[in-house]
Number of protein chains: 2
Amino acid sequence: MSAPSHGWPTDETPLSAELLPDRVAAMLSRRISEGAIAPGTRLPTEQKLAALFGVSRNVVREAVARLRADGLVDARQGVGSFVLAPERRLAIRIDAAALGGEGMAQLFELRAILETEAARLAATRRTEADLERIGAALERMRGEERWEEGSIDADLVFHREIAAATGNAFIETFVSFICERIRGSIRHARAINPIADLVEVNLGEHDRIYAALRAAAPDEAEAAMRAHLVGAAARVGVTLKR
Amino acid sequence: MSAPSHGWPTDETPLSAELLPDRVAAMLSRRISEGAIAPGTRLPTEQKLAALFGVSRNVVREAVARLRADGLVDARQGVGSFVLAPERRLAIRIDAAALGGEGMAQLFELRAILETEAARLAATRRTEADLERIGAALERMRGEERWEEGSIDADLVFHREIAAATGNAFIETFVSFICERIRGSIRHARAINPIADLVEVNLGEHDRIYAALRAAAPDEAEAAMRAHLVGAAARVGVTLKR
DNA sequence: ACCTCCATGTTGTAGGATGATGCGATCACA
DNA sequence: TGTGATCGCATCATCCTACAACATGGAGGT
């Protein structure tokens, strides 16, 4: 039983400071998403998993609960836990580890795709109420001198409101998710690269977007958003292609 | 202590057949995302939460573990669990409930935005190995007569491989997530609207995409992908604008 | 052959005990 | 009085045992 024949635990993941349930969940999750455990298959019982990983059943339960929350498995009382088919997975996560350097550039690329198109759609679909909310965020940005907490927050709201103005709930969700992830990583960059005096540049870019939205000009909105994102990327040391 | 003065549990959510940890997690999650519990605030201790909800600490732990996995709270040993600021959330979920009618149309719109751009990028970045994988998926589709399990699966792989060919891991993740969600809902539609003989149409559309990718023609790839998605949407009773 | 009932295995929940950790208060000392 | 180290304590992390809820399959009776 101690042999690695089953290929189960064999402690991969050099076990950092992560908690036990996280590690167990990560291992199981990888096995499943790699297809090493076919959909429909029953997982080993919680007791066996506990024995295999050398942890208590409680830890295994927390791990399985997480897999269930992500829609990877379906635990049926009295029967067992079964791996679900991929189409039932309903969560997507981006771990902070993937956000260094290359990851940041890729995330900006994805952001550009979504937001330029969002700006285009918003230009034709926005209501007066939408414009009002977007304008309010703009004013909040204008109030600040430096590019710090308050204005960064207003920036986020600005982008999110534009996404919301498309009337597409999914676009809003995805855009605001990506923006928040990026913003979280900006703080670090800010300490390294002082960009305080770039507020005016930033504001100018936002103004152009807002004007285009108000004018209901899709092409201009898209172009302005693209220009803004290229600038924003550059300001955090990322070059955005196209 | 039994008073509702604190405004905590007072059992909202008419408690369906959901499990206890799910219910507790859902309640806490709603409080947090609604802003009823400000970021930085410390949650009640696990014991108090257990008492408030009338469940065991074990259940509370599973609920809190889920919140932590979603990045909503940060539990520090010996101190407590604290609500995190929104920018640290690292999970996004789409619940199946939102996918009826309007939701489906919106999801297709988002898909179109991502995949048309993905096709454009893939056209210039794809390697020979990418083309091989995409072609293999195409062949698997061609083998099937009807539009059923096997070919639907191959269809998914086809789209995912194109997204992967962009070299952008996030694009791949998001696209495959969306495709899988859509596919899950297709099954139902298929029973209603027999589209078996549309295989050839579908295949033709895919062929055009593949040819454009092989020819490294971005504009054609984008156009072919857009045409395909418009068709695919129509086949499930959704009209895609633009 | 069919139906009923029970033994068994599994997940779900409860409740306690113990270790690890970080914070704050207390106390000793200058 | 001020300063620093030490200790207690609250809290999470993990482990353990036990029982309840539930599903399945087989034994046994009709």
Between [X] ([atom1]) and [N] ([atom2]), how many Å, whole number?
X	N	atom1	atom2	answer
A/L19	D/dC12	CG	C1'	9 Å
B/E62	D/dT14	CD	P	13 Å
B/F53	C/dT13	CZ	C1'	16 Å
A/D74	C/dT11	CG	C1'	12 Å
B/E46	D/dC15	CD	P	15 Å
B/Q77	D/dA10	CD	C1'	12 Å
B/F82	D/dA10	CZ	C1'	12 Å
A/K48	C/dT11	NZ	C1'	14 Å

*Using a heavy-atom cut-off of under 4.0 Å over every strand shown, decide if A/R61 touches base, sugar-phosphate, or nothing.*
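The residue A/R61 makes base contact.
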*Looking for any heavy atom pair under 4.0 Å, which part of the strands does B/R57 touch: base, sugar-phosphate only, or nothing?*
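It contacts base atoms.
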Could you measure the distance from the [atom1] atom of [X] to the [atom2] atom of [Y]? Nearest 0.5 Å is fine.
X	Y	atom1	atom2	value
A/R140	A/D155	CZ	CG	10.5 Å
A/L67	A/R31	CG	CZ	13.0 Å
A/F174	A/L114	CZ	CG	8.0 Å

_Charged N-O contact under 4.0 Å between B/R57 and B/E46_ =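 The answer is no: the pair does not qualify as a salt bridge.
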*asked:* Please confirm whether the shortest side-chain N or O distance from B/R68 to OP1 or OP2 of D/dA13 is below 4.0 Å.
replied: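 Yes, within the criterion.
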_Does a side-chain N or O of B/S56 approach OP1 or OP2 of C/dT13 to a distance below 4.0 Å, or not?_
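For C/dT13, neither OP1 nor OP2 has a side-chain N or O of B/S56 closer than 4.0 Å.
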*5′-ward residue of the pair A/T45/B/V55 relative to DNA chain C*: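 The residue mapped nearer the 5' terminus is A/T45.
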*Selected nucleotide, minimal atom distance to B/R42 side chain, candidates D/dA23, D/dT11, D/dA13*: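 Of all the options, the side chain of B/R42 is nearest to D/dT11.
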_Need to verify one output field. Residue with the more 5' nearest nucleotide on DNA chain D, B/N58 or B/Q47?_
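Mapping each residue to its closest nucleotide by heavy atoms, the 5'-most match is B/Q47.
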*Between A/L20 and A/G78, which is nearer to the 5' end of DNA chain D once each is assigned its nearest nucleotide?*
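Counting from the 5' end, the first nearest nucleotide belongs to A/L20.
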_salt bridge (Lys or Arg N to Asp or Glu O under 4.0 Å), paired with B/R160, selected from B/E115, B/E180, B/E172_ =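 Answer after filtering B/E115, B/E180, B/E172: B/E180.
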